[in-house]
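Down below is the structure, laid out as structure tokens.
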Protein chains: 2
Amino acid sequence: IFRNISGVVMDEDQASVAIMDFLDKPGVAGTITKALADNNIAIDMIMQSFHPTVGHNSITFTVHDSDLKQTIEILNGLKEEMGAKEVAADPDCAKVSLIGAGLSGQPSIAALLFSTLGKNGINIKMIATSEMKITCVVRKNEVKKAATLIHSAFELDKEPQILA
Amino acid sequence: IFRNISGVVMDEDQASVAIMDFLDKPGVAGTITKALADNNIAIDMIMQSFHPTVGHNSITFTVHDSDLKQTIEILNGLKEEMGAKEVAADPDCAKVSLIGAGLSGQPSIAALLFSTLGKNGINIKMIATSEMKITCVVRKNEVKKAATLIHSAFELDKEPQILA
Ligand SMILES: C[C@@H](O)[C@H](N)C(=O)O
Ligand SMILES: C[C@@H](O)[C@H](N)C(=O)O
């Protein structure tokens, strides 16, 4: 029934940080990301979705816990010149991802994943998807439970084979 | 220099749609996504990033142009029960993606991609990344130019091998 699903992975040591409501124009994403790259911050996820205010935008990054402090500093350093409203951070993050193939265009897979967490009271903080991966960011103390629930919802091995 | 980059792909027939500022609690992502799945909407990207207002959230989807109208209808149907502020849509979307391996943790790759578009005046509407793919949503009439620019910035073949 779920032939194109290969497994569940998780990463407990994540933090999210966002630079919010800056002036939106070409080049800004490059400037921000280059500032992080120049400081050797290993950026895990980059997310920029629909922004309600025309002319403004926000970008969210996930980084390793150990890089959060420095990432906040770098973004705070850019805040003024970008006209950003704030730099917001959430240290209590962990990623859990469903790995497979051809996941886009099969919304029932994503629906099952999100519903599985939802009916078990696990709140999804962030979502990112691609052909091969559906990633949810949840609280650190809920990620192992999330991974186990997803593992059984998708009828993966009897013994959760959770790859770190 | 860019050994882990394999190519550029694009998709011109995209639209983005978001359900904005609904009440944030476990289960909502599942309810929304299931409504789309039950109507056979092939969801391409799902994005949920940092939300500035505690207790509220927004989810962005990209769908095929031909599914936009129905997607808006379905989300409008959910708007009231979710306490959502609005359903917003942008039909003028196209995706351009850099394909490779080990892209996470190499922010200079993302920085080069975003800067390449930025210095050529191409505005990036949305961003999503994974280990193997960095995707930008841009205007339909800018996606071919974006793909060509990225192709040469990453020194891919002399002849742009742009896969649809
Ligand atoms: C917000 C940011 O992505 C900007 N639109 C850019 O193109 O760089
Ligand atoms: C917003 C939505 O993702 C919600 N937090 C959920 O867990 O379903």
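All values below were derived from every heavy atom in this structure, side-chain atoms included, with hydrogens, water molecules and symmetry-related copies excluded. As the structure is a computational prediction, the values presented were derived from the model and not from experiment.
Residues B:Val63 and B:Asp44 are not in side-chain contact: their nearest non-hydrogen atoms beyond the backbone lie 4.5 Å or more apart. A:Phe114 places none of its side-chain heavy atoms less than 4.5 Å from the side chain of B:Thr31.
A:Ile74 and A:Val17 fall within a single hydrophobic cluster, where Ile, Leu, Val, Met, Phe, Trp and Tyr are joined by side-chain heavy atoms under 4.5 Å apart, directly or via other members. Grouping the Ile, Leu, Val, Met, Phe, Trp and Tyr side chains by contacts below 4.5 angstrom, directly or via other members, places B:Met45 apart from B:Ile134. Put simply, B:Ile72 and B:Ile43 are part of the same group of oily side chains (I, L, V, M, F, W, Y) that touch within less than 4.5 Å, one to the next.
Per-residue heavy-atom pair counts under 4.5 Å with chain B were compared for A:Met20, A:Met132, A:Lys34, and the maximum is reached by A:Met20. Heavy-atom pairs under 4.5 Å with chain B peak, among A:Ile122, A:Val28, A:Ile127, at A:Ile127. Counting heavy-atom pairs closer than 4.5 Å to chain A, the top-ranked of the candidates B:Ala128, B:Ser115, B:Ser49 is B:Ser49. Between chain B and the options A:Asn123, A:Ile41, A:Ile109, heavy-atom pairs under 4.5 Å are most frequent for A:Asn123. Among the candidates B:Ser58, B:Ser104, B:Gly118, B:Pro107, the residue making the largest number of heavy-atom pairs closer than 4.5 Å to chain A is B:Pro107. Options B:Ala35, B:Ala37, B:Ala18, B:Gly121 differ in how many heavy-atom pairs under 4.5 Å they form with chain A, and the most are formed by B:Ala37.
Neither the backbone nor the side chain of A:Asn120 comes within less than 4.5 Å of any heavy atom in chain B. Of the atoms belonging to A:Leu112, not a single heavy atom falls under 4.5 Å from chain B. For chain B, no part of A:Lys85 is nearby; none of its heavy atoms comes within less than 4.5 Å. Only the side chain of A:Thr60 comes within less than 4.5 Å of a heavy atom in chain B; its backbone stays farther off. Contacts between A:Ser130 and chain B at a heavy-atom distance below 4.5 Å involve the side chain alone, from C-beta outward. Contacts of A:Ile46 with chain B are made by both backbone and side-chain atoms, with heavy-atom separations under 4.5 Å. Proximity to chain A is absent for every atom of B:Asp21, based on heavy atoms less than 4.5 angstrom apart. Neither the backbone nor the side chain of B:Leu113 comes within contact range of chain A, judged by heavy atoms closer than 4.5 Å.
Side-chain atoms of B:Gln48 come within 3.5 Å of backbone atoms of A:Ile124 as a donor-acceptor pair (strictly under, hydrogens ignored).
Classification of B:Lys140 and B:Asp92 as a salt-bridged pair fails, no side-chain N sitting under 4.0 Å from a carboxylate O.
How far CD1 of B:Ile150 is from OG of B:Ser97: 8.5 Å, rounded to the nearest 0.5 Å.
For B:Glu81, the CD atom is densely surrounded, since the number of other residues' heavy atoms within 6.0 Å is greater than 12.
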